[in-house]
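Nothing here was measured: the structure is a model prediction, and the numbers come from that model. If you read the sequence from its start, that first residue is 1, and numbering goes on from there.
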Amino acid sequence: MPEIKKILVANRGEIALRILRTAREMNIETVAVFSEADRKAPHVRYADEAICIGPAPSSESYLNVDKILEVCHQLNVDAIHPGYGFLSENAVFAKKVREAGLIFIGPSPESIEVMGSKLAAKQAAGNYNIPMVPGTASAIEDREEAKRISAEIGYPVLIKASAGGGGKGMRVVENEAEFDEQMDRAVSEAISSFGDGAVFIEKYITSPKHIEIQVLGDQHGNIIHLFERECSIQRRHQKVIEEAPSISITPSIREEMGRCAVDAARSCGYYGAGTVEFIMDENKNFYFLEMNTRLQVEHPVTELITGIDLVKQMIYIAEGKALKINQEDLHIKGHSIEVRVYAEDPANNFLPDVGTLTTYVRPQGNGVRVDDGFEQGMEIPIYYDPMLSKLITYGQNREEAIEKMIRAIDEYHISGVQTTLSFCRFVMNHDVFRSGSFDTNFVNLHFSPEMLQAPQNQDLKQLAALLSAYLTQNEKPKESIQDNSKPNIKSRWKTQRLG
């Protein structure tokens with residue numbers, strides 16, 4: 001394949017900026033597309049060229065395949081990077097890109113199609129020695145047969161949409177009495193969300209950890225893994241906090257899970273960057289869950305512990321170049337944690353929030369990375385995912401990464417919308433998180449909105465103490481008040497309040 005000279009990023013926000021920056025480092029020209037709602041977004045200014053492709057709704061802009069391809073031809077674009085979300089796992093789009101004579105910076109349409117169906121993915125991976133969760137190997141419509149299988153593998157079971165994702169089309173069934181109701185809900189949600197009502201049944205792992213493996217494959221059959229990410233802190237079945245490596249993984253499990261991930265990628269002829277997801281039970285038995293055929297939101301933590309720029313590797317692979325990295329070349333160095341900063345109110349069931357970023361000041365310093373696509377004064381639109389940014393820290397070990405994260409959260413000043421920062425700080429300080437004994441039920445078991453109020457009450461006590469000390473000092477002669485060693489009460493209070 002020819003060398004890529006111009007890339008269009010078919011996305012928005014932080015991931016668009018992330019890709020544009022790597023392209024600039026590689027001296028590749030860039031094109032940004034944007035909706036009318038994103039006209040003032042940073043990624044629009046950063047790209048070499050930018051074109052508005054439609055109104056705010058994503059169906060009329062970022063999902064407008066014909067318009068995106070039209071822009072590519074208009075501006076002599078060589079390749080398209082889809083980022084994540086939107087069109088990134090759309091096999092039809094990837095095929096149209098190829099048919100248009102352009103390079104899709106990602107896997108083949110065939111790989112996307114196979115892994116886009118959870119059932120097809122299980123069948124493909126099943127040809128290799130990869131552990132599978134007990135359940136049905138195909139979609140099931142016969143209610144009585146479904147109940148018989150559920151009783152056989154044992155309740156609770158999980159009804160899952162074959163085309164599902166993001167927790168949609170999933171229902172836990174605790175016993176046979178509630179089977180019909182949960183089945184109806186799962187099918188209905190699957191149809192409304194994906195246009196496909198096919199569902200299957202799996203044994204429900206009651207206390208699972210969500211572990212995923214990053215893989216890279218080239219177009220010459222070489223596939224490697226870049227170790228695991230721990231993604232068990234979730235709300236509504238969607239990740240909020242990720243880290244690498246996992247505190248729960250032993251070297252032997254890491255090796256075996258890595259082998260399974262590489263084989264899963266091999267089962268569909270995969271090339272590009274992808275992620276194979278597993279669930280692990282309390283006995284450290286792990287099972288194949290699915291494969292995401294794109295760059296993951298949490299890819300920065302892998303980059304930090306391996307030193308590998310995943311976007312750069314994706315571009316090299318799309319150009320047809322062979323991987324220059326062998327498995328034995330890779331080693332874990334240090335520890336990295338990422339928190340997703342959503343415009344959501346954790347004190348109100350993580351309800352999404354909209355508004356204007358009246359204050360937006362990023363944390364800085366050693367070991368702190370912020371991937372975002374917003375600036376102070378910008379409106380948070382209602383049309384897209386409510387994630388404002390990804391806050392990532394890196395340390396020599398897990399404890400250092402956690403302490404850096406707490407410091408960074410305290411320095412991250414956002415007002416105008418509610419955010420998940422307070423929840424993330426709560427997690428960082430929780431004994432269960434610190435010990436590594438958490439699972440995907442962390443929010444249900446260990447968090448309630450009232451818990452976010454306690455630090456505020458403590459702050460009020462600290463403020464009262466500080467004010468009392470200040471007033472006491474004011475009663476002294478003026479010479480004492482002007483002493484430069486006096487603490488900056490306002491600064492200290494501001495830091496504590498925002499913590």
Side-chain angles (χ1 to χ4, degrees), residues 114-142 145-176 178-179 182-183 185-187 189-190 194 196 198-213 215 228-232 234 237-239 246 248-249 253-254 256-268 274-293 438-441:
V114 170
M115 289 299 170
S117 164
K118 287 183 172 62
L119 284 172
K122 289 179 69 172
Q123 291 164 3
N127 294 323
Y128 293 77
N129 188 25
I130 301 174
M132 298 286 177
V133 179
T136 59
S138 58
I140 191 161
E141 296 180 0
D142 187 318
E145 175 68 6
K147 291 177 183 177
R148 185 192 66 76
I149 293 173
S150 297
E152 187 176 290
I153 63 178
Y155 287 96
V157 299
L158 189 63
I159 300 176
K160 300 175 69 173
S162 177
K168 296 178 180 177
M170 289 174 51
R171 286 292 183 273
V172 177
V173 185
E174 298 289 348
N175 51 63
E176 185 173 330
E178 62 181 47
F179 188 93
Q182 298 298 349
M183 181 81 160
R185 289 184 177 182
V187 171
E189 190 170 308
F194 313 111
D196 183 353
V199 297
F200 62 102
I201 295 170
E202 283 184 347
K203 173 68 179 174
Y204 180 62
I205 309 298
T206 55
S207 301
K209 273 185 168 291
H210 187 133
I211 310 291
E212 61 187 31
I213 302 283
V215 296
E228 81 281 355
R229 295 187 289 256
E230 167 71 69
C231 306
S232 299
Q234 306 177 1
H237 300 289
Q238 293 180 317
K239 307 163 192 172
S246 170
S248 304
I249 298 296
I253 294 176
R254 176 176 296 119
E256 180 62 13
M257 196 176 282
R259 178 197 67 78
C260 290
V262 168
D263 283 345
R266 202 177 302 282
S267 75
C268 66
T275 296
V276 182
E277 303 198 351
F278 299 90
I279 55 173
M280 187 171 72
D281 65 22
E282 60 269 27
N283 297 316
K284 296 190 182 298
N285 300 307
F286 66 86
Y287 307 95
F288 173 80
L289 190 62
E290 63 181 337
M291 183 175 187
N292 291 311
T293 56
F438 58 93
D439 55 42
T440 58
N441 298 306

Measure from the side-chain N and O atoms of [X] to the backbone N and O of [Y], and report whether any donor-acceptor pair falls under 3.5 Å.
{"X": "Glu228", "Y": "Ile211", "result": "no"}
{"X": "Asp439", "Y": "Thr206", "result": "no"}
{"X": "Thr136", "Y": "Ile201", "result": "yes"}
{"X": "Asn283", "Y": "Asn285", "result": "no"}

Test: Lys209 cationic atom under 6.0 Å from Phe438 six-membered ring centre, within 45° of axis: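 Yes, Lys209 and Phe438 form such a contact.
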
How far does [atom1] of [X] sit from [atom2] of [Y], to the nearest 0.5 angstrom?
{"X": "Thr440", "Y": "Gln234", "atom1": "OG1", "atom2": "CD", "result": "6.0 Å"}
{"X": "Arg148", "Y": "Ile153", "atom1": "CZ", "atom2": "CD1", "result": "10.5 Å"}
{"X": "Phe278", "Y": "Phe288", "atom1": "CZ", "atom2": "CZ", "result": "7.0 Å"}
{"X": "Asp281", "Y": "Phe286", "atom1": "CG", "atom2": "CZ", "result": "11.0 Å"}
{"X": "Lys284", "Y": "Met257", "atom1": "NZ", "atom2": "CE", "result": "9.5 Å"}
{"X": "Asp263", "Y": "Arg259", "atom1": "CG", "atom2": "CZ", "result": "5.0 Å"}

Name every donor-acceptor pair, under 3.5 Å, that has one atom in a side chain of residues 123-134 and the other anywhere in the protein, sequence neighbours excluded.
unit_1, atom_1, unit_2, atom_2, d
Gln123, NE2, Ala137, O, 3.0
Asn127, ND2, Ala124, O, 3.4

How close do [X] and [Y] get, heavy atom to heavy atom, and via which atoms?
{"X": "Gly154", "Y": "Lys203", "answer": "O-NZ, 2.9 Å"}
{"X": "Ser246", "Y": "Glu230", "answer": "OG-OE1, 3.0 Å"}
{"X": "Tyr155", "Y": "Lys147", "answer": "OH-O, 4.2 Å"}
{"X": "Met115", "Y": "Ala121", "answer": "SD-CB, 3.4 Å"}
{"X": "Val276", "Y": "Ala261", "answer": "CG2-O, 3.6 Å"}
{"X": "Ala146", "Y": "Phe179", "answer": "CB-CZ, 3.5 Å"}

Close side-chain approach of [X] and [Y], heavy atoms under 4.5 Å:
{"X": "Ser150", "Y": "Glu176", "answer": "no"}
{"X": "Arg229", "Y": "Thr275", "answer": "yes"}
{"X": "Leu158", "Y": "Met170", "answer": "yes"}
{"X": "Val114", "Y": "Met291", "answer": "no"}
{"X": "Tyr204", "Y": "Val173", "answer": "no"}

Using 4.0 Å as the upper bound for N to carboxylate O, is an ion pair formed by Lys118 and Glu202?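 Not counted as a salt bridge, because no side-chain N and carboxylate O are separated by less than 4.0 Å.
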
Quick test of your reading of the model: are Lys160 and Glu290 salt-bridged, counting only N-O distances below 4.0 Å?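 No, this pair does not count.
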
Glu174 CD: over 12 foreign heavy atoms closer than 6.0 Å: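 Atom CD in Glu174 is packed in, count exceeds 12.
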
State which residue, out of Gln238, Glu212, Glu277, fulfils the side chain to side chain contact (heavy atoms under 4.5 Å, CB included) condition with Cys231.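 With Cys231 as partner, side chain to side chain contact (heavy atoms under 4.5 Å, CB included) holds for just one option, Glu212.
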
